[in-house]
Amino acid sequence: MLRLVVRRLLQLIPTLLGLSVLLFLWLDRLPGGPASAILGEKATDADVARINRALGLDQPVYVQYWRFLKRIFQGDLGTSVQTGQPVWDEFVLRFPATVELSLLAMIMAVVVGIPLGYLAARKRGGWVDIGAVSGSLVGICIPVFFLGLVIKEILAVKLGFFPSYGRMDTGINATDVTGFAVLDGILTGEFDASWDALHHLILPAVTLASIPLAVIVRMTRASVLEVQDEDYVRTAESKGLKRSIVRGRHVLRNALLPVVTSVGLLTGSLLSGAVLTESVFSFNGIGNFVKTSIDGRDYPVLVGFIMFIAMVYVLINLLVDVAYSIIDPRVRVH
């Protein structure tokens, strides 16, 4: 297992290096250069020259890239133009909110999607199968921002079942321990704050879970249909094994392999793709911060966001490989 982890980490280093090259070239090719992009269209030549000197952009390209790469590996993602704070500090401040939202969305998608996909495969052609396939198709087709606006209007504005914006009511004084509002409320015994944070999470999480849920349902259904016709499943059934053992140990366990990969990739996409959902619900996470940075042409934040999410993807892929090796030990030898 340790060799697998080390090997995967070594294989992922070229990925981050390649991404750093692409990001550097993108910055270097911005119209008028990074300085003009930061200062805006009305920037004077003197202002552009001053920013170029301050950022070291008047140096040779290879020197600029080496400094860029060194800062990244030191954890220095630059300084936000809007807030004047280090980009890393801004991300650390907001990342727990995005993690809470993404994890709850993924838990919803997995808890509902895998059983529903399994039932759809077992009842192939029945009403459960038709409903699951049709519902997953709708979930994939509806844009996230549109779904968010609809359920916000109905469940929050019209019916008042849930809050319509924010991460927590302003009247609640919660103790910040880890940055995770729900967990902090439990750790400090402030259960009203924990419940309020969870209450604010539900609508954004349902919105964010729509596409992963649809993908997991379809992936689980297709995988179970494929696995249940394999020879080893028929052999297990012919030996008289209990149906629950055949379905759990031989069908579902092997069918979960591609689903695990999908869940890992979808988790990474949730962390990086919560921009629209957080914007709709004014949720103070990384996504909402990045959306504001896009509007304000805050390029250091955008570059830092891309590198930050790339590192998150690296870690998620590593966890997926470890989960693969646990489900199917044969993977460890490859």
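The shown structure was predicted, so the numbers you read here are calculated from the model rather than taken from an experiment.
- Nearest heavy-atom pair across Ala121 and Val224 is CB-CG1, 3.5 Å.
- Taken together through direct or relayed side-chain contacts under 4.5 Å among Ile, Leu, Val, Met, Phe, Trp and Tyr, Trp88 and Val99 form part of one hydrophobic cluster.
- When only modelled atom types and interatomic distance are considered, His199 and Asp169 share no side-chain donor-acceptor pair under 3.5 Å.
- We find the CG-CG distance between Leu276 and Leu147 to be 12.0 Å, quoted to the nearest 0.5 Å.
- Between Val275 and Ser279 there is a side-chain heavy-atom pair separated by less than 4.5 Å.
- For the pair Val112/Val217, no side-chain contact is recorded, criterion being any heavy-atom separation below 4.5 Å from C-beta on.
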Given Thr188 and Val177, is the side chain to side chain contact (heavy atoms under 4.5 Å, CB included) satisfied, shown in steps? CA-CA 8 Å; Thr188 59; Val177 179; 3.6 Å; yes
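- Salt bridge status for Glu278 with Lys291: absent, with no side-chain N to carboxylate O gap under 4.0 Å.
- In this structure, Val138 is a member of the same hydrophobic cluster as Val215, with clusters built from ILVMFWY side-chain heavy atoms closer than 4.5 Å.
- Shown here for Pro96 and Gly179, the closest heavy-atom pair between the two residues is CB-O, 3.2 Å.
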Ser134/Ile130 under side chain to side chain contact (heavy atoms under 4.5 Å, CB included): CA gap, chis, key distance, verdict: CA-CA 6 Å; Ser134 302; Ile130 295 173; 4.1 Å; yes
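- Within the 4.5 Å cutoff, side-chain heavy atoms of Pro212 are placed close to those of Leu270.
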Test Phe145 against Thr277 for side chain to side chain contact (heavy atoms under 4.5 Å, CB included), laying out the working first. CA-CA 6 Å; Phe145 72 90; Thr277 302; over 6 Å; no
Between Thr175 and Asp184, does the side chain to side chain contact (heavy atoms under 4.5 Å, CB included) criterion hold? Intermediate values first, please. CA-CA 7 Å; Thr175 305; Asp184 287 346; over 6 Å; no
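- Not counting sequence neighbours, Phe180 has no partner by the ring-ring contact (aromatic ring centres under 6.0 Å, His included) test.
- Atom CD1 of Ile306 is separated from atom CG of Leu22 by 10.0 Å, given to the nearest 0.5 angstrom.
- When side chains are defined from C-beta on, Val144 counts as touching Ile211, because their heavy atoms get closer than 4.5 Å.
- Shown here is Glu226, whose CD atom has no more than 12 heavy atoms of other residues, nucleotides or ligands within 6.0 Å.
- At a threshold of 4.5 Å between side-chain heavy atoms, the hydrophobic network of Ile, Leu, Val, Met, Phe, Trp and Tyr places Leu93 and Val182 in two separate groups.
- Side-chain atoms of Phe283 and Tyr165, non-hydrogen and from C-beta on, never get closer than 4.5 Å to each other.
- Hydrophobic clustering (side-chain heavy atoms under 4.5 Å, transitive across Ile, Leu, Val, Met, Phe, Trp, Tyr) groups Phe95 together with Phe289.
- Not counting sequence neighbours, the partners of Tyr65 by the ring-ring contact (aromatic ring centres under 6.0 Å, His included) test are Phe24.
- Atom-to-atom distance recorded for Met108:CE and Leu213:CG is 10.5 Å, nearest 0.5 angstrom.
- How far CG of Leu116 is from OG1 of Thr220: 9.0 Å, rounded to the nearest 0.5 Å.
- Taking the side chain as every heavy atom from C-beta outward, Ile202 and Phe161 never approach each other to under 4.5 Å.
- The distance from atom OG of Ser102 to atom CD1 of Ile107, rounded to the nearest 0.5 Å, is 11.0 Å.
- The two atoms that bring Leu101 and Ala205 nearest to each other are CD1-N, 3.4 Å, heavy atoms only.
- In terms of heavy-atom proximity, Ile154 sits nearest to Lys158 at O-CB, 3.4 Å.
- Transitive grouping of hydrophobic side chains (ILVMFWY, heavy atoms separated by less than 4.5 Å) keeps Val157 and Leu201 in distinct clusters.
- Looking only at side-chain heavy atoms (C-beta outward), Val263 and Ile216 come within less than 4.5 Å of each other.
- Between the OG atom in Ser136 and the CZ atom in Arg218 there is a gap of 4.0 Å [rounded to 0.5 Å].
- A salt bridge does not link Asp129 with Arg122: every distance from a Lys NZ or Arg NE/NH1/NH2 to an Asp or Glu carboxylate oxygen is 4.0 Å or more.
- Although no hydrogens or angles enter the test, the distance criterion places no donor-acceptor pair under 3.5 Å between the side chain of Gln85 and the main chain of Glu90.
- Checking side-chain atoms of Lys152 against main-chain N and O of Leu203 turns up no donor-acceptor pair under 3.5 Å.
- The minimum heavy-atom distance linking Ile286 with Thr98 is given by the pair N-OG1, 2.8 Å.
- In plain terms, the two heavy atoms of Arg167 and Ala181 that are nearest each other are NH2-N, 3.2 Å.
- With hydrogens and angles ignored, the 3.5 Å screen pairs no side-chain donor or acceptor of Ser210 with any backbone N or O of Val206.
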